[in-house]
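All values below come from the heavy atoms of this structure, side chains included, with hydrogens, waters and symmetry mates left out. First listed ligand is number 1; within each ligand, the first listed atom is number 1.
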Amino acid sequence: MRIGRVLVSAKQIEARLAEMGAQITADYQGKDLLLVAVLKGAFMVMADLSRHIALPVDLDFMAVSSYGEATRTSGVVRILKDLDREISGRHVLIVEDIVDSGLTLQYLRRNLEVRRPASLEIATLLLKSGLQVVPVSVRYVGFEIPPDFVIGYGLDYVGQYRNLPYVAVMEEGEEPADGTPAGS
Ligand code: 5GP
């Protein structure tokens, strides 16, 4: 497998996260906002999006895993790391890298809702168009993308490529020696 076509460039990501951050800043004025990122994939979105939110936010992290290392979600989610603190009465915004089937988010939403937050919304950098097998209401969407398997900007293929500053399609074939994306 190798890095294919670049779907969303570093510049596009930066510009869109600035817009989303401004929107979130406006929507949560005067509220006690807690950003919850889902590790590992969302670590970059969390770092960059939170810097565009001009409010005194609190950050927390969860780690979940769908079983196995396949490129498809099984729908069975395991919590590897839970939140450090309680969220009851707080305005929680889940920060995600990508919504594909929506199964992970459906599980997370249910898991967090029983803890009685004041509100619970979702922000995702990427949303795969038309692939949701369960309805998920995502308040902030960075980019809608086609249903290809993508890597970069936090997203991995068997643990690698998370550090790429852009989002690219994963493609069949040999990795070129210099690791540059195809067609760049
Ligand atoms: P969902 O439950 O919405 O199907 O997707 C859950 C998780 O699957 C995402 O948080 C992400 O970790 C992984 N995932 C879904 N689509 C992709 C993709 O195109 N590339 C990568 N690297 N991970 C994906």
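Contact annotation: Gly102 has at least one heavy atom less than 4.0 Å from an atom of ligand 1. The shell of residues lying under 4.0 angstrom from ligand 1, judged by heavy atoms, excludes Tyr157. Not a single heavy atom of Leu105 sits less than 4.0 Å from an atom of ligand 1.
Of the N or O atoms in Thr104, one or more lie within a sub-3.5 Å distance of an N or O in ligand 1. Checked against a 3.5 angstrom limit, the closest N/O atoms of Ile151 and ligand 1 fall outside it.
Of all the atoms in ligand 1, the ones that sit under 4.0 Å from a non-hydrogen atom of Asp148 are 19 (O). Every atom of ligand 1 is numbered from 1 in the order shown, and the set under 4.0 Å from a heavy atom of Lys128 is 16 (N), 17 (C), 18 (C), 19 (O). Residue contact check: Ser101 has heavy atoms under 4.0 Å from atoms 1 (P), 2 (O), 3 (O), 4 (O) of ligand 1. Atom numbering of ligand 1 starts at 1 in the shown order; those under 4.0 Å from a heavy atom of Asp100 are 1 (P), 3 (O), 4 (O), 5 (O), 15 (C), 16 (N). Interface of Asp156 with ligand 1, defined as ligand atoms under 4.0 Å from a residue heavy atom, comprises 21 (C), 22 (N).
A salt bridge links Arg16 with Glu19: the distance from a Lys NZ or Arg NE/NH1/NH2 to an Asp or Glu carboxylate oxygen falls below 4.0 Å.
Across all their heavy atoms, Ala47 and Arg51 have their closest contact at O-NE, 2.9 Å. What you find for Arg115 and Met62 is that their closest heavy atoms are NH2-CE, 4.3 Å.
Although no hydrogens or angles enter the test, the distance criterion places a donor-acceptor pair under 3.5 Å between the side chain of Gln29 and the main chain of Thr25. Side-chain atoms of Lys128 do not come within 3.5 Å of backbone N or O of Ser101 as any donor-acceptor pair.
Among residues two or more places apart in sequence or in another chain, the side chain to side chain donor-acceptor pair (under 3.5 Å) test is passed with Asp58 by Arg85, Arg90. A search for side chain to side chain donor-acceptor pair (under 3.5 Å) contacts involving Tyr161 returns Glu175, not counting sequence neighbours.
Summarising the contacts of atom 20 (N) of ligand 1 with Val167, Val150, Leu155, the nearest heavy atom is found in Val150.
Taking the six-membered ring where tryptophan is involved, the planes of Phe149 and Tyr157 are perpendicular, since the angle between them exceeds 60° and thus also 30°.
Counting heavy atoms closer than 4.0 Å to ligand 1, residue Asp97 contributes side-chain atoms (C-beta onward) but none from N, CA, C or O.
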